Amino acid sequence: MRLSVGITHLTPAWKILLEQIAPPCEELNSTIDWSTENYGCIIVSSTVSVSVKEKLKHYLTDGGSLLLETEAAKQILGTNSEPAFVDYIDTTNDSLFSSVASGSVGRKLNLPSKATQLKERHGRYLVEGTAVGKGYVIILPGGMIDSILSWGCTRRSFPSHGPLLPSERVAKVSKRTIRDIVNRSLQELFWRRDLPFVSLSPFPDGEDLLFSFRVDTDFASQKAVETLYELCKKHDVPATWFVETGSCQEWVDRYGKMEGHEIGLHCFKHRTFNNYTKNELDMRTGTSILRKNGITPRGYAGPFGEWNTTLAKALEHRGFEYSSEFALDYDNLPFYPFLGERSSFVMQIPIHPISTGTLRNARHSTEEMKNYFEIIMEDHLADRLPLFIYDHPANPDHETLDWLFQTVKDRKIPAMTMGQYADWWKIRTETHWSARLENGRLQLSSSNLGDSVKIEVFQSDGRHTIAEKNSDLELSKTAWRTTEAKTNRQPHISILHRLNRKMIFNDILHTYWKYKL
């Protein structure tokens, strides 16, 4: 049988999620029978016609699996729901979603009335799972999927065992959490049918983790830049430097002489505008300074990590291939942002938004900084997320970065620039492939799967393996790896959501520097 995911309509939000998770997937149409032999699971992404409803009910009662939100569940199954404001999602000790990181939502959702999984702040459940006929359905809160299209930001605290919690202005919705809930739901629906779940690896060559170091140069002196560059050279770290060009015009040519590093644009003036013309002019000015010195930037990182649609359209006009703004997303996989009427041509590469400077602001010692990044590394390894860390030359903790780079080297974690990862992610996104299960043999095929793109196979008992393209695996004789239980060393999400005076003071400082610089 085909191990494919079918979807009734590929909405912008579902397009982002399915490109990130990357199972074999296709929109449903009349050319392929909607049978349990052709689809391991079907996603109902919106309300449907009467004829489609009947097809889905037949598929479900015949032993299929459905993933849907409350609006479609009411239409197809007659289930009820009620609206409720969901501040955050608590995955602690959840029987199905305990491996998912807790995260923020901050909006009203429609909750299934018989939900028994995933609690929100006040203890109400968010997700319903139930058997229907021979099949099984998972019902997500209405509005959850589209929440990943939001681009509002707010100040959030991040988990730490230092004196104060570090904070930064980041995306209001924890999009990683939403993606993980969808991924875990798809896995469960395949496993309910005794089927393996297959998807493309998020890392080149099927590695377990990937490291990248981003540098925002923000008014740094040449000496400070040289010091950080030498530290990167010491550990063979190929950094990606986003240059603030306004303050370094007399020596900006130095960036072009950095061997094995990538140079991108941060800005000319350290400001992000809600105006296309102003954003485009700033990019044009900054790019011109770099190009006069032999540097053609492919990547961009917005000042203060801010993002908006006018910035995105200016990035497209200036020909940038990718950007990275944690006010849009952080600690997640790349995607192409939705601009309201279409998807952007410019890839977004999320990073971890806390730097050593932010930790110093939260009164962390060097040892506490090391402990912080050790926990982040463990978290990203467990959740198969790229470990993309950033800092500034003007005020980093060099001892912590020296330790971090050495740890990456000791653990043999591959390192690459953000541009190199963007190039690889494009190959992954454009990959067309299929998977079949016949008599205990997993048959994987692709006409254009690059050699560096690998396939991950997950079993319900926690085993997984990495497979090559066009391979034929006998599952009973496959060398499996066991997924270790995730160790949670982080404070409960309720602690992270407490407003404190330090956060308010940091927001005041943020506003001051935003308009002063």
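Computed from a predicted structure; not experimentally measured.
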* Show your working on ring pair (Phe, Tyr, Trp, His ring centres under 6.0 Å) between H270 and F304 and close with a plain yes or no. => CA-CA 8 Å; H270 201 272; F304 299 105; 4.6 Å; yes
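- Between the E306 side chain and the A327 main chain, no donor and acceptor come within less than 3.5 Å of each other.
- Between F197 and F458, the two ring planes are tilted [angle within 30° to 60°].
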* To do: Test side chain to side chain donor-acceptor pair (under 3.5 Å) on H364 and S160 and set out the steps.
  => CA-CA 9 Å; H364 283 52; S160 174; 2.5 Å; yes
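- Atom CG of D410 sits in a crowded spot, with more than 12 heavy atoms from other residues, nucleotides or ligands closer than 6.0 Å.
- By the 4.0 Å N-to-carboxylate-O rule, K313 lies close enough to E341 to be salt-bridged with it.
- Outside the 6.0 Å centre-distance limit, the rings of H261 and Y255 are not counted as a close aromatic pair.
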* **Trace of the side chain to side chain donor-acceptor pair (under 3.5 Å) decision for R107 with S147** => CA-CA 8 Å; R107 58 176 52 202; S147 70; 5.2 Å; no
* When you look at D329 and W307, which way does the side chain to side chain contact (heavy atoms under 4.5 Å, CB included) test go after all the steps? -> CA-CA 10 Å; D329 200 6; W307 186 94; over 6 Å; no
* Could you give me the CA-CA distance, side-chain angles and deciding distance for M144 and V105, then say whether side chain to side chain contact (heavy atoms under 4.5 Å, CB included) is met? => CA-CA 8 Å; M144 173 181 281; V105 178; 5.7 Å; no
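- Side-chain rings of F242 and Y390 stay apart, their centers remaining 6.0 Å or farther from each other.
- For the residue pair T240 / T417, no side-chain donor-acceptor distance below 3.5 Å is found, with atom types taken as modelled.
- Side chains of S324 and R214: a donor on one and an acceptor on the other come within 3.5 Å.
- No donor-acceptor distance shorter than 3.5 angstrom exists from the side chain of E244 to the backbone of T217, with no hydrogens or angles considered.
- Taking the six-membered ring for Trp, H352 and Y372 have ring centres closer than 6.0 Å.
- Note on R254 versus E226: salt bridge recorded, some NZ/NE/NH1/NH2 to OD/OE distance being below 4.0 Å.
- Side-chain contact check for D90 and H492: at least one donor-acceptor pair (N or O, by modelled atom type) lies under 3.5 Å.
- The existence of a salt bridge linking D94 and R184 is excluded, since no basic side-chain nitrogen approaches an acidic carboxylate oxygen closer than 4.0 Å.
- Between F213 and F211, the angle of the ring planes stays under 30°, which puts this pair in the parallel group of the 30/60° scheme.
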* Check the pair S167 / S157 against side chain to side chain donor-acceptor pair (under 3.5 Å), numbers first and verdict last. => CA-CA 4 Å; S167 70; S157 292; 5.4 Å; no
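- Side-chain atoms of R428 come within 3.5 Å of backbone N or O of L200 as a donor-acceptor pair.
- Legend: residues meeting side-chain contact (heavy atoms from CB on, under 4.5 Å) with K172, ordered by chain and number and at least two apart, are T154, R156.
- A 6.0 Å sphere centred on CD of E230 holds more than 12 heavy atoms belonging to other residues, nucleotides or ligands.
- Scored by the side-chain contact (heavy atoms from CB on, under 4.5 Å) test, Q249 finds F268, I289 as partners (sequence neighbours excluded).
- Among R179, K175, Q348, the single residue meeting the side-chain hydrogen bond (donor to acceptor under 3.5 Å, both in side chains) criterion with N332 is R179.
- Counting only distance, with no hydrogens or angles, the side chain of N308 and the backbone of T310 share a donor-acceptor pair below 3.5 Å.
- Within 6.0 Å of CZ on R363 lie no more than 12 heavy atoms contributed by other residues, nucleotides or ligands.
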